[in-house]
Amino acid sequence: MILIDGKKTADEIKKEIAEEVKLIVASGKRAPHLAAVLVGHDGGSETYVAFKIKDCEEVGFRSSLVRFDDDVTEAELLAKVHELNSDPDLDGFIVQLPLPKHISEQKVIEAIDARKDVDGFHPENVGRLVLGMPAFLSATPFGIVELLKRYQIPTSGKNCVIVGRSNIVGRPLSILMSQKAVNATVTVAHSQTKDLAKVCAEADILIAALGSPEFIKADMVKQGAVVIDVGTTRVNAPETKSGWRLKGDVKFDEVAPKCSHITPVPGGVGPMTRVSLLQNTLLAAKLKK
Ligand code: NAP
């Protein structure tokens, strides 16, 4: 069994990005610039945004943080989005989700200029992905495909089962995995799938993205399968300083011995999601110039 080290792979990609940034700056151009918009004080969102800012520093990007209180109106947030869209010194930005209930996430996503949509959530980028055109790819699917590539895991003709069909993970990932560069035969499973255990057990590549801790058990996994665990659920852990720990969707201890490759949680898909945002921002900066 090979443990897929997402942290190590992401660190390698960060080094490659940092080298490119050095060349950009040496040629007299400014460093790529990413902004993050954070609404409210949700613990998870605060952590994710802090990581994104830290990642920017590590590779030599400029970063900006735009904060709003929970009671910001939709109109105020949309006005900020329009301002960022037209800021010539900014290459890309993200609006950290989820947003408070009184704000339409879809409206906000659609207001972002697709050329600065480094999260890859704008319908134009999703449409381009579906058509196989160059696009900003949603960070988690982008990171997973990159991980498979860098570990030289064969995908062509393989039976890939993805559990979960969300707009940010399962659905875009199913499209990427079925594209000609990857060539997997893809099944997308969800909460209405009949006999899920049997469907999963037929997978050469099983990707769990449902958000249910330790849902995938050993009897749902084929001997020799590649298992990618996207799930990150915070579960109570009084023994830790924070009081919680991250659990994946896969019961790691019993599944790992059956696998040819498996990602851990944490340290698997998460770091790759973060680095994909940097890759998208670098691409946005290059396209602009
Ligand atoms: P989501 O929007 O809640 O979607 C979950 C999907 O799983 C839905 O399609 C749902 O089916 C399906 N599902 C739920 N329970 C199921 C069950 N018992 N059997 C079969 N299918 C089931 O979640 P998400 O945003 O895609 O995130 C999924 C997980 O990945 C979460 O733990 C999240 O925290 C994690 N995540 C991690 C990263 C990372 O970088 N590591 C990034 C993004 C998300 P229906 O459509 O039928 O409801």
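Start at 1 with the first residue, then count along the sequence.
A 6.0 Å sphere centred on CZ of Arg245 holds no more than 12 heavy atoms belonging to other residues, nucleotides or ligands. More than 12 non-hydrogen atoms from other residues, nucleotides or ligands lie less than 6.0 angstrom from CZ of Arg274. Counted within 6.0 Å of NZ on Lys258, heavy atoms from surrounding residues, nucleotides or ligands total more than 12; the atom is thus considered enclosed. Applying the 6.0 Å contact sphere to CG of Asn236 captures no more than 12 heavy atoms from other residues, nucleotides or ligands.
Put simply, the side chain of Asp69 never gets that close to the backbone of Asp71: no donor and acceptor are under 3.5 Å apart. Judged by distance alone, with hydrogens and angles left aside, the side-chain atoms of Thr155 form a donor-acceptor pair with the main-chain N or O of Val182 at under 3.5 Å. Looking at Asp249, its side chain does come within 3.5 Å of a backbone N or O of Ser212 through a donor-acceptor pair. Not one N or O on the side chain of Asn167 forms a donor-acceptor pair closer than 3.5 Å with the backbone of Phe121. Not a single donor-acceptor pair under 3.5 Å links the side chain of Ser276 to the backbone N or O of Thr140. Listed for the Ser104 side chain is a donor-acceptor partner under 3.5 Å among the backbone atoms of Lys107. Between the side chain of Thr193 and the backbone N or O of Leu196, no donor-acceptor pair lies under 3.5 Å. No donor-acceptor distance shorter than 3.5 angstrom exists from the side chain of Thr273 to the backbone of Ala139, with no hydrogens or angles considered. For the pair Ser45 (side chain) and Asp42 (backbone), a donor-acceptor distance under 3.5 Å is absent. At distances below 3.5 Å, at least one donor-acceptor pair connects side-chain atoms of Asn85 with backbone N or O atoms of Ala111.
Here the closest heavy-atom approach between residue Val130 and residue Ile175 is recorded as CG2-CD1, 3.6 Å. Contact between Leu84 and Lys116 at its shortest, heavy atoms only, is O-NZ, 2.8 Å. Listed here is the closest heavy atom pair of Asn125 and Phe136: OD1-N, 3.3 Å. Closest heavy-atom contact between Ala208 and Val250: CB-CG2, 4.0 Å. Of all the heavy atoms in Ala203 and Val161, the pair that sits closest is CB-CG2, 3.6 Å. Nearest heavy-atom pair across Val95 and Asp119 is O-OD2, 4.4 Å.
By the 4.5 Å heavy-atom criterion applied to side chains, Lys222 and Asp204 are counted as neighbours. Looking at heavy atoms from C-beta onward, Ser64 lies in side-chain contact with His33 at the 4.5 angstrom threshold. No side-chain heavy atom of His102 sits less than 4.5 Å from a side-chain heavy atom of Glu74. Between Lys286 and Leu282 the shortest side-chain heavy-atom distance falls below 4.5 Å.
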Item to complete: Evaluate side-chain contact (heavy atoms from CB on, under 4.5 Å) for Arg128 paired with His122, printing each intermediate quantity in order.
Response: CA-CA 10 Å; Arg128 293 175 73 89; His122 190 281; over 6 Å; no
Fill in: Check against side-chain contact (heavy atoms from CB on, under 4.5 Å), Leu147 and Ile153
CA-CA 9 Å; Leu147 210 46; Ile153 293 171; over 6 Å; no
Practice prompt. Mind running salt bridge (charged side-chain N to carboxylate O under 4.0 Å, His left out) on Lys54 and Glu58 for me, showing each step along the way?
Written response: CA-CA 6 Å; Lys54 182 172 157 281; Glu58 270 180 50; 3.3 Å; yes
Item to complete: For side-chain contact (heavy atoms from CB on, under 4.5 Å), just list the numbers for Leu210 and Phe215, CA-CA rounded to whole Å, side-chain angles, deciding distance to a tenth of an Å, and then say yes or no.
Response: CA-CA 9 Å; Leu210 64 155; Phe215 182 89; 3.7 Å; yes
Item to complete: Output, in order, the C-alpha distance, side-chain angles, deciding distance and verdict of salt bridge (charged side-chain N to carboxylate O under 4.0 Å, His left out) for Lys217 and Asp219.
Response: CA-CA 6 Å; Lys217 312 281 193 303; Asp219 62 354; over 6 Å; no
Item to complete: Take Lys15 and Asp11, measure what salt bridge (charged side-chain N to carboxylate O under 4.0 Å, His left out) needs, and give me the verdict at the end.
Response: CA-CA 6 Å; Lys15 280 200 191 116; Asp11 285 345; over 6 Å; no
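Atom CD1 of Ile162 sits about 5.0 Å away from atom CD1 of Ile207, to the nearest 0.5 Å. The structure places CD1 of Ile4 at 8.5 Å from OG1 of Thr9, a figure rounded to the nearest 0.5 Å. Once rounded to the nearest 0.5 Å, the distance linking CG of Asp55 with CG of Leu277 reads 8.0 Å. Once rounded to the nearest 0.5 Å, the distance linking CG of Leu38 with OH of Tyr48 reads 13.0 Å. Taking OG from Ser63 and CD from Glu57, the interatomic distance works out to 5.5 Å, rounded to the nearest 0.5 Å. Remark: Lys247 NZ to Glu214 CD distance equals 4.5 Å, nearest 0.5 Å.
There is a path of hydrophobic side-chain contacts, each under 4.5 Å, that joins Val25 to Val59. Both Ile205 and Leu173 belong to a common hydrophobic cluster when Ile, Leu, Val, Met, Phe, Trp and Tyr are linked at side-chain heavy-atom distances under 4.5 angstrom. The hydrophobic cluster containing Leu176 also contains Val226, counting ILVMFWY residues as joined when their side-chain heavy atoms lie under 4.5 angstrom apart, directly or transitively. At a threshold of 4.5 Å between side-chain heavy atoms, the hydrophobic network of Ile, Leu, Val, Met, Phe, Trp and Tyr places Ile216 and Met1 in one connected group. Both Val255 and Leu3 sit in one connected hydrophobic cluster of ILVMFWY residues. Membership requires side-chain heavy atoms under 4.5 Å apart, directly or through other members.
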